[in-house]
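For the numbers below, each heavy atom of this structure counts, side chains included, while hydrogens, waters and symmetry mates do not. On a predicted model such as this, the values are computed, not experimentally measured, just so you know.
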Amino acid sequence: QVQLLESGGGLVQAGGSLRLSCAASGRTFSWYAVGWFRQAPGKEREFVAGISRGGSQTTYADSMKGRFTISRDNAKNTAFLQMNSLKPEDTAVYYCAAREAIVATAPANEYAYWGQGTQVTVST
């Protein structure tokens with residue numbers, strides 16, 4: 001198994017930036033593709049971005065393209081989500097997730113391992 005721990009959330013003004021981290025422990029991190037998801041109050045959990053286990057392939061939800069960047073450092077067992085030009089509608093709890101596969105996918109039910117989430121709040 002792999003354990004995941006997110007950090008880096010907080011309160012930021014619209015137009016600002018945050019960098020989320022997802023620290024992994026347990027099994028070899030490079031065996032897992034990683035996805036970032038978010039869930040706002042009263043809404044379903046949605047896919048944000050994903051990265052393949054080697055880091056060469058990334059995928060984004062359309063609304064995040066150009067603003068968010070996913071990356072990973074397998075030597076440090078950490079994945080990242082750089083979020084720029086944040087909007088109030090980006091306010092949510094952000095989760096990282098891992099699946100034992102080469103590539104990341106969008107459906108949340110394809111991920112077996114989840115962190116506890118980190119709150120991101122974007123003010124107007």
Answer yes or no: is there a donor N or O on one side and an acceptor on the other, between the side chain of Thr118 and the main chain of Ser7, under 3.5 Å?
no

If we check side-chain contact (heavy atoms from CB on, under 4.5 Å) with Phe68, which of these qualifies: Leu20, Thr58, Leu86?
Leu86

Can you list everything that forms a salt bridge (charged side-chain N to carboxylate O under 4.0 Å, His left out) with Arg99? Sequence neighbours excluded, please.
Glu110

What orientation do Trp114 and Phe37 show, parallel under 30°, tilted 30 to 60°, or perpendicular over 60°?
tilted

Would you check, one step at a time, whether the test side-chain contact (heavy atoms from CB on, under 4.5 Å) holds for Thr91 with Gln119?
CA-CA 8 Å; Thr91 294; Gln119 176 71 46; 4.0 Å; yes

Strictly by salt bridge (charged side-chain N to carboxylate O under 4.0 Å, His left out), give each pair with a member in residues 26-37 just once, sequence neighbours left out.
Arg27-Glu100

Correct closest heavy-atom pair for Val120 and Leu18 would be CG1-CD1, 3.8 Å

Which pairs pass disulfide (SG to SG under 2.5 Å) with one or both residues in residues 17-121, sequence neighbours excluded?
Cys22-Cys96

Atom pair CD/CZ of Gln57 and Arg53 - distance to nearest 0.5 Å
11.0 Å

Applying a strict under-4.5 Å side-chain criterion to I, L, V, M, F, W and Y, I'd like to know whether Val122 and Tyr95 cluster together.
no

Residue set satisfying side chain to side chain donor-acceptor pair (under 3.5 Å) with Glu46, at least two apart, ordered chain then number -> Arg38

Has Ile102 got more than 12 heavy atoms of other residues, nucleotides or ligands less than 6.0 Å from its CD1?
no

Donor-acceptor check, side chain of Asp73 to backbone of Lys76, threshold 3.5 angstrom: yes or no?
yes

My understanding is that only residues two or more places apart in sequence, or in another chain, count here; which of them pass salt bridge (charged side-chain N to carboxylate O under 4.0 Å, His left out) with Arg67?
Asp90

Taking all heavy atoms of Ala40 and all of Ala92, pick out the closest pair and write down the distance.
N-CB, 3.8 Å

Quick one, Phe80 and Thr69 - any side-chain contact, counting heavy atoms below 4.5 Å?
no

Heavy-atom side-chain proximity of Tyr94 to Gln39 below 4.5 angstrom:
no

Gln116: what forms a side-chain contact (heavy atoms from CB on, under 4.5 Å) with it, not counting sequence neighbours?
Leu5, Glu6

Test log, rule side-chain contact (heavy atoms from CB on, under 4.5 Å), inputs Asn74 and Arg72:
CA-CA 6 Å; Asn74 284 342; Arg72 66 190 295 164; 2.7 Å; yes

Ser17: what forms a side chain to side chain donor-acceptor pair (under 3.5 Å) with it, not counting sequence neighbours?
Asn84

Quick check: do Phe29 and Val34 have side-chain heavy atoms less than 4.5 Å from each other?
yes

Only counting residues at least two apart or in another chain, list the ones meeting salt bridge (charged side-chain N to carboxylate O under 4.0 Å, His left out) with Lys65.
Asp62

Distance-only, no hydrogens or angles: does the Ser52 side chain make a donor-acceptor pair with backbone N or O of Val103 under 3.5 Å?
no

Do any N or O atoms from the side chain of Ser30 and from the backbone of Thr28 form a donor-acceptor pair under 3.5 angstrom?
no

For Gln13, which residues count as a side-chain contact (heavy atoms from CB on, under 4.5 Å) partner, sequence neighbours excluded?
Ser123

With sequence neighbours excluded, tell me which residues meet side-chain contact (heavy atoms from CB on, under 4.5 Å) with Ala98.
Val2, Leu4, Tyr32, Tyr113

Does the gap between the ring centers of Phe47 and Tyr60 come in under 6.0 Å?
no

With Ser71 via side chain to side chain donor-acceptor pair (under 3.5 Å) - residues at least two apart:
none

From Met64 atom CE to Leu81 atom CG, the distance as rounded to the nearest 0.5 Å:
8.5 Å

Partner residues of Ala112 under the side-chain contact (heavy atoms from CB on, under 4.5 Å) criterion, sequence neighbours left out
none

